Amino acid sequence: MTFMQLALSLIFVAIPLGLTLWLKLGLEKDIIIATVRSIVQLLIIGYILTFVFEADHPVYIVLMIMLMIGAATQNVIKKGDGIPGITWMVFFTLIAVESLSMLIILGFGIIPNEPEQIIPISGMIIGNCMVLSLLFLDKFKDEVERSDETIELILSMGGRPEMAIKKSLRSAIQTSMIPTIEAQKTMGLVQLPGMMSGLIIGGADPIEAVMYQLLILFLILSNAAISSVMVGYMAYPKLFNKKLQFVGLKYD
């Protein structure tokens with residue numbers, strides 16, 4: 001694809017821009033900002049990846065992954081407002097999930113140890129963990145705010161914090177995992193997944209593309225469970241003080 005062809009693809013931006021102007025939705029500024037940011041960010045990352053792939057050095061690979069983890073953490077903590085220490089919880093969770101995933105797929109030789117393979121797959125792992133953590137925190141905070149009286153009642157009757165928060169925690173974990181599970185059920189029937197489509201467009205054998213996509217689906221399913229559970233079990237103790245009293249969310 002040439003830059004001229006890319007410029008022509010802006011037609012697909014003009015359509016929603018025209019519709020929002022016609023219907024007076026007030027989204028014109030957001031659409032323009034999103035478009036400009038995506039162009040600038042992706043072009044910059046494209047040049048960075050070109051350098052990293054050509055250098056083929058572990059240090060650059062690690063730095064690239066840490067950059068993605070840092071950006072994802074900053075995005076997630078906005079939803080974690082009210083939970084002390086949420087920044088480090090999310091940061092640690094992303095590193096743990098990424099490290100475990102890479103240890104398995106590289107240790108067993110599922111993919112070759114090449115930056116062209118490691119970085120895109122790491123991006124998918126980190127990106128999905130980010131989305132799942134956002135879903136979890138949004139639901140968890142809502143559950144806690146709606147169940148504060150029940151939590152205090154259980155504590156007043158001698159229950160421990162883990163017992164008092166169990167229902168809210170479980171509900172939030174379920175909510176964050178369900179979209180991943182449901183999407184996997186219809187994969188290949190309702191839609192052709194992004195990685196599979198990209199590989200086929202790039203000229204890969206369809207069966208090979210399917211195998212890579214299945215790897216990503218299995219990783220995402222694992223990420224859905226691990227990231228939600230890790231963030232949840234690190235976050236809920238912050239809602240109680242040293243005397244095991246419920247203090248709730250702490251907004252500034």
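These numbers come from a predicted model, not from an experiment.
- For Thr20 (side chain) and Pro16 (main-chain N/O), no donor-acceptor pair under 3.5 Å exists by modelled atom type.
- Counting only N and O atoms by type, the side chains of Tyr60 and Glu54 include no donor and acceptor under 3.5 Å apart.
- Between atom CG of residue Asp205 and atom OH of residue Tyr212 there is a gap of 12.0 Å, rounded to the nearest 0.5 Å.
- In this structure, CG on Leu10 lies 7.5 Å from OG1 on Thr35, to the nearest 0.5 angstrom.
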Next item on the list: For the pair Gln41 and Ile45, evaluate side chain to side chain contact (heavy atoms under 4.5 Å, CB included) and give the outcome as yes or no after the intermediate values.
Entry: CA-CA 6 Å; Gln41 290 168 184; Ile45 205 67; over 6 Å; no
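- Of all the heavy atoms in Ala164 and Ile151, the pair that sits closest is O-CG1, 3.5 Å.
- Note that the CE atom of Met177 and the CD1 atom of Ile220 stand 12.5 Å from one another [nearest 0.5 Å].
- The two atoms that bring Thr73 and Leu94 nearest to each other are OG1-CD1, 3.4 Å, heavy atoms only.
- Counting only heavy atoms from C-beta outward, the side chains of Met64 and Ile118 never approach each other to under 4.5 Å.
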Check: Could you walk me through whether Ile83 and Met89 pass the side chain to side chain contact (heavy atoms under 4.5 Å, CB included) check?
Finding: CA-CA 10 Å; Ile83 303 175; Met89 294 177 202; 4.3 Å; yes
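- Residues Ile121 and Leu42 share a single hydrophobic cluster, defined by chaining ILVMFWY side chains whose heavy atoms lie under 4.5 Å apart.
- Atom CZ of Arg170 has 12 or fewer heavy atoms from other residues, nucleotides or ligands within 6.0 Å.
- Residues Leu23 and Leu27 fall within the same hydrophobic cluster, defined by Ile, Leu, Val, Met, Phe, Trp and Tyr side chains chained together at heavy-atom separations under 4.5 Å.
- Side chain of Asn128 to backbone of Met124: a donor-acceptor contact under 3.5 angstrom is found.
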Next item on the list: Go through the steps for Ile154 and Phe246 under the test side chain to side chain contact (heavy atoms under 4.5 Å, CB included), then give the verdict.
Entry: CA-CA 10 Å; Ile154 293 172; Phe246 180 66; over 6 Å; no
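- The side-chain heavy atoms of Tyr236 and Glu162, taken from C-beta on, include a pair separated by under 4.5 Å.
- The CG atom of Leu169 sits 5.0 Å away from the CZ atom of Phe136 when rounded to the nearest 0.5 Å.
- Here the straight-line distance linking atom OG1 of Thr180 with atom CG of Leu132 works out to 4.5 Å at 0.5 Å rounding.
- Cluster membership for Ile44 and Phe51, using ILVMFWY side-chain heavy atoms within less than 4.5 angstrom, is shared.
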Note to self: Between Phe240 and Leu155, is the side chain to side chain contact (heavy atoms under 4.5 Å, CB included) condition met? List the steps.
What the structure shows: CA-CA 11 Å; Phe240 302 86; Leu155 291 173; 3.6 Å; yes
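- The distance from atom CG of Leu135 to atom CE of Met130, rounded to the nearest 0.5 Å, is 10.0 Å.
- In this structure, the side chain of Ser171 does not engage the main chain of Ser168 through any donor-acceptor pair within 3.5 Å.
- In this structure, Met68 and Ser122 have side chains that are in contact, with non-hydrogen atoms separated by less than 4.5 Å.
- Between Leu134 and Asp138 the shortest side-chain heavy-atom distance does not fall below 4.5 Å.
- No donor-acceptor pair under 3.5 Å is formed between the side chain of Ser222 and the backbone N or O of Phe218.
- When the side chains of ILVMFWY residues are joined at heavy-atom separations under 4.5 Å, either directly or via intervening members, Met211 and Ile111 end up in two distinct hydrophobic clusters.
- Between Met230 and Phe92 the shortest side-chain heavy-atom distance falls below 4.5 Å.
- Within 6.0 Å of CZ in Phe53 there are more than 12 heavy atoms belonging to other residues, nucleotides or ligands.
- Contact annotation: the side chain of Met66 approaches that of Ile95 to within less than 4.5 Å [non-hydrogen atoms, C-beta and beyond].
- Connection of Val229 to Ile178 is not established within any shared hydrophobic cluster, with ILVMFWY side chains joined at heavy-atom distances below 4.5 Å, either directly or through further cluster members.
- Looking only at side-chain heavy atoms (C-beta outward), Ser176 and Lys139 stay at 4.5 Å or farther from each other.
- At a threshold of 4.5 Å between non-hydrogen side-chain atoms, the residues Cys129 and Thr93 do not count as touching.
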